[in-house]
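The structure appears below as structure tokens.
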Amino acid sequence: MPESLLLSIVVVGCGSVGRSHARAAARTPGARLTAVVDLSEQARMPLAQELGATPFASVEDLLVSGMAVDAAVVALPDRLHAPISLQLL
């Protein structure tokens, strides 16, 4: 499938749940894990390298980059779901 037709996915949060979602996204046919976002460099960098994704320290950095994203997984504490999701819209 041409790269331009793949669903571009970003995972926000690289803890245990985020890592699981990122790995699932990376192996999903018709999709590609485009980016991972986490404040912790120790969390985001190994996962990005493992899965070939672009690492970002914040959602703001992702948005400023202009990277096209079709879907996002917000793997953060519940209280952060709404504010982060609203930023991504």
Side-chain angles (χ1 to χ4, degrees):
M1 177 177 290
E3 185 78 13
S4 63
L5 296 180
L6 296 176
L7 182 71
S8 173
I9 300 173
V10 62
V11 173
V12 181
C14 296
S16 61
V17 172
R19 287 192 306 272
S20 177
H21 282 287
R23 289 180 180 124
R27 64 177 183 264
T28 299
R32 67 184 155 98
L33 179 66
T34 304
V36 293
V37 180
D38 200 290
L39 291 173
S40 168
E41 184 175 358
Q42 291 178 326
R44 75 177 175 270
M45 293 306 289
L47 187 61
Q49 290 173 347
E50 173 190 339
L51 301 175
T54 302
F56 290 98
S58 67
V59 170
E60 291 84 1
D61 291 345
L62 169 69
L63 296 173
V64 167
S65 79
M67 179 177 282
V69 174
D70 299 310
V73 174
V74 179
L76 298 170
D78 292 349
R79 64 182 164 65
L80 298 174
H81 286 190
I84 295 299
S85 297
L86 288 171
Q87 280 185 286
L88 290 165
L89 289 176

Measuring from atom CD1 of Ile9 to atom CG of Asp70, what distance do you get when rounded to the nearest 0.5 angstrom?
8.5 Å
With sequence neighbours excluded, tell me which residues meet side chain to side chain contact (heavy atoms under 4.5 Å, CB included) with Leu89.
Leu86
Under the 3.5 angstrom rule, does the side chain of Ser8 hit a backbone N or O of Ala68 as a donor-acceptor pair?
yes
For the atom pair CG (Leu63) and CD (Gln87), what is the distance rounded to the nearest 0.5 Å?
6.5 Å
Interatomic distance, CD1@Ile84 vs CZ@Arg79, rounded to 0.5 Å, equals 10.5 Å
Looking only at heavy atoms, the pair that brings Ala31 and Ala25 closest together is CB-O, 4.3 Å
Side-chain donor/acceptor of Asp38 to backbone N/O of Cys14, under 3.5 Å
yes
Kindly work out whether a path of hydrophobic side-chain contacts (I/L/V/M/F/W/Y, heavy atoms less than 4.5 Å apart) joins Val69 to Leu33.
no
Any donor and acceptor pair, going by atom type alone, linking the side chain of Ser65 with main-chain N or O of Leu62 inside 3.5 Å?
yes
Between the CG atom in Leu51 and the CZ atom in Arg27, the distance rounded to the nearest 0.5 Å is 9.5 Å
When clusters are formed by joining ILVMFWY residues with side-chain heavy atoms under 4.5 Å apart, either directly or through shared neighbours, do Val11 and Leu47 land in the same one?
yes
Is there a side-chain contact between Val12 and Leu80 (heavy atoms, below 4.5 Å)?
no
